[in-house]
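Only one structure is covered here, and it is reproduced in the block below.
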Amino acid sequence: MISITNKVNCCGCNACGDVCPCGAISFKTDNEGFWYPQVDESRCVDCGLCERVCPVISQADFIERYDRPVVYAAYNKDEAIRLDSTSGGVHSMLADKMFDKDAFVGGAVYNQDHTVSQIITDKRERLPEIRSSKYLQSNASSVYQAIETRLKEGRNVFFCGTPCQVQALYKVLGKDYDNLVTADFICRGVNSPKVFLSYMDMLEKKYGSRARDIKFKSKEKGWHNFSIRVKFENGKVYCKDRWHDLFFIGYLQYNNFVRPSCYDCKFKCFPQKADITLADFWGIEKLDPSMDQDKGTSMVMINSDKGAALFDTVKGDIVYKEFSQKEASVGNPAMNHSLSSAFKTRESFFADLDAMPFDKLALKYFPNGNGRPELNKYMKIFDKIRNRFSDLGLSIPAWATFIKYNYLSSQVKKGTSAPLMNQKYTVVQLDPGSKLILKNRVKVGVKQVRKSRLETRILLEKDATMQVDKPFSVFAGSYIRVIEGGTLHIKGSGFINENVQITCGDKIEIGDGCFIGRDVIIRSYDAHQILKEGYQVSAPIKIGNRVWIGQRAMILKGVTIGDGAVIAAGAVVTKDVPPHSVVAGVPAKVIDQDVEWK
């Protein structure tokens, strides 16, 4: 018979209730809003099934997984799905592929009363409900039995839940099924549904309407500065970022109201039992800036052959790169460590929860988020300064460049605060009449070898213009020169690798998602005049979207490169390149067509 004497020893997975043959187990919610099993001894036959399936008592060790996961950073090519997802939208793509196999897909959805439950469904139209993290404990009652029924019928099932819920599923099943694929995620801890309901009650009273749509991790203010967005039936919308929303502050800064078992999580071990583990790939911008456009990047950990097989089916629909588990763990401490409790007055907090509205409760227990918001502001400023010191160190020239071109120069037109993120050994020269238009952040002088002294240079001559519309990275050793009166327009996100030379004498346009390899030369200007009738010293270059330019390739004046094209290493491009083609050689010729690249 299951008996909870210490709440730390119950993760609330609901498995014991699902397997009880006598219906003797119900779940009682405590004063914190978490449910725990309660046994009706008059109905219990002491069969021991409840203890046998408890993942805390014993884990599903009969499930074999890779000793070491294969780790990727990835994001969905469908930008709408990527932006609507918590991370990079990979889960939605995996679920879609399973729906193609006539599968049932399981995950967490909001209920009408703002609680969260686990479901399985074969209706693809419910995927937007399942998409995105909920950050609350989800009720999984009856879902394990439902999955077992579908599996025994021969139906495919794809189930995503917390690590403890996935372990509970395998314990209930007693074996691994060939037609079952599971996913879990790097879990920081599940929050109290009772606390969330108090928070929602506060918002609904403030906005005078019932909430109809709740989105944790909305990216309206960017992935790194994610927000919670609530839409109300009267058309009003609430949206605040993680630094100013009271629920996020209580969860992320104070660790106020997660389940007691999450402070000593039993499911941090590797390998994980799920076939695939998902998470935000925090820190990817430091490992590979090309994988971060502030729209969300997933960390995908492949733990089994089944997980690898499913991931293979989505590779054509995502952008992905492989990394090590160690690299991925740097920005994801929850991968290996339980949440540390920083909240010393938990008992009084939950006592006051019954007596105070959420905003008053927040003012009392985490005042930095309510009543003293300036502290959060200063913390964010401190973090930015700390990151700048990491890039610039104590280099006076580097700091002078940063300050001059972000705050003092009238020749720099800014679309965001501090858009020029230069590193040491970056030199910028803006001659009279030139303009540097930075609508988004540009990292200049990015080093692959930390102690490298490669100098990165940007020179805009008289009346020249350089415009960057989206996040972009310029690696160390590169030299960008815009000749007098010329215009360089970088329209999308992407990067240029080390030692690239761009010389712009007329106009050069670079589209979205372009990857420009090491030692590439792009010249729309010849520098010297050939004495021949009709000769032009410069002519425009236009590079389309998602163009890959290989190492040591050369792009010469007057060339247009179509979307999705690949320029082979060492190619010299003197004529237009058709979309989705591969060109190679000197001069470059088309050697393949209708290609897609990753």
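Only heavy atoms go into these numbers, but all of them, side chains included; no hydrogens, no water, no symmetry mates.
- Side-chain contact annotation: S87 with K217, donor-acceptor N/O pair under 3.5 Å absent.
- Remark: side-chain polar atoms of N14 are paired, donor with acceptor, to backbone N or O of A140 under 3.5 angstrom.
- Side chain of N6 to main chain of N9: no donor-acceptor pair is present (N/O by atom type, distance under 3.5 Å, no hydrogens or angles).
- Looking at T162, its side chain does come within 3.5 Å of a backbone N or O of Q165 through a donor-acceptor pair.
- Geometrically, K236 does not engage Y207 in a cation-pi contact, judged by NZ or CZ lying under 6.0 Å from the ring centre and within 45° of the ring axis.
- One finds no salt bridge joining K205 and D359 here, because no Lys/Arg side-chain nitrogen approaches an Asp/Glu carboxylate oxygen to under 4.0 Å.
- Using modelled atom types, no side-chain atom of E32 and backbone atom of F350 make a donor-acceptor pair closer than 3.5 Å.
- Salt-bridge check for R229 with D245: failed, with every basic side-chain N at 4.0 Å or more from each acidic carboxylate O.
- A distance-only check finds a donor-acceptor pair linking the side chain of N179 to the backbone of L151 [under 3.5 Å].
- Using a cutoff of 4.0 Å between basic side-chain nitrogens and carboxylate oxygens, E233 and R212 are not scored as salt-bridged.
- The existence of a salt bridge linking D122 and R150 is excluded, since no basic side-chain nitrogen approaches an acidic carboxylate oxygen closer than 4.0 Å.
- Comment: K273 does not engage D184 in a salt bridge, judged by the lack of any side-chain N to carboxylate O separation of less than 4.0 angstrom.
- In this structure, K7 satisfies the cation-pi test against Y36, with its NZ or CZ atom closer than 6.0 Å to the six-membered ring centre and inside 45 degrees of the ring normal.
- Residues that satisfy the salt bridge (Lys or Arg N to Asp or Glu O under 4.0 Å) test with K123, not counting sequence neighbours, are absent from this structure.
- Between E129 and R126 a salt bridge is recorded (basic side-chain N to carboxylate O distance below 4.0 Å).
- Between Y110 and F216, the ring planes lie parallel to each other; the angle is under 30°, not in the 30° to 60° tilted range.
- A donor-acceptor pair under 3.5 Å is absent between the side-chain atoms of S209 and the main chain of F232, judged by distance alone.
- None of I2, D18, V172, L173 except one satisfies the side chain to side chain contact (heavy atoms under 4.5 Å, CB included) rule with V53; the exception is V172.
- By the 6.0 Å and 45° rule, R188 stacks over the aromatic ring of Y251.
- Residues D294 and K219 are not paired through a salt bridge, judged by the lack of any N-O separation under 4.0 Å between the basic side chain and the carboxylate.
- Judged by distance alone, with hydrogens and angles left aside, the side-chain atoms of S92 form no donor-acceptor pair with the main-chain N or O of G89 at under 3.5 Å.
- A salt bridge links D512 with K470; the closest basic N to acidic carboxylate O contact falls under 4.0 Å.
- Judged by distance alone, the side chain of R68 and the main-chain N or O of S324 form no donor-acceptor pair under 3.5 Å.
- Taking 4.0 Å as the cut-off between side-chain N and carboxylate O, D213 and K215 do not count as a salt-bridged pair.
- Under the 6.0 Å distance and 45° angle rule, K206 does not count as a cation-pi partner of F358.
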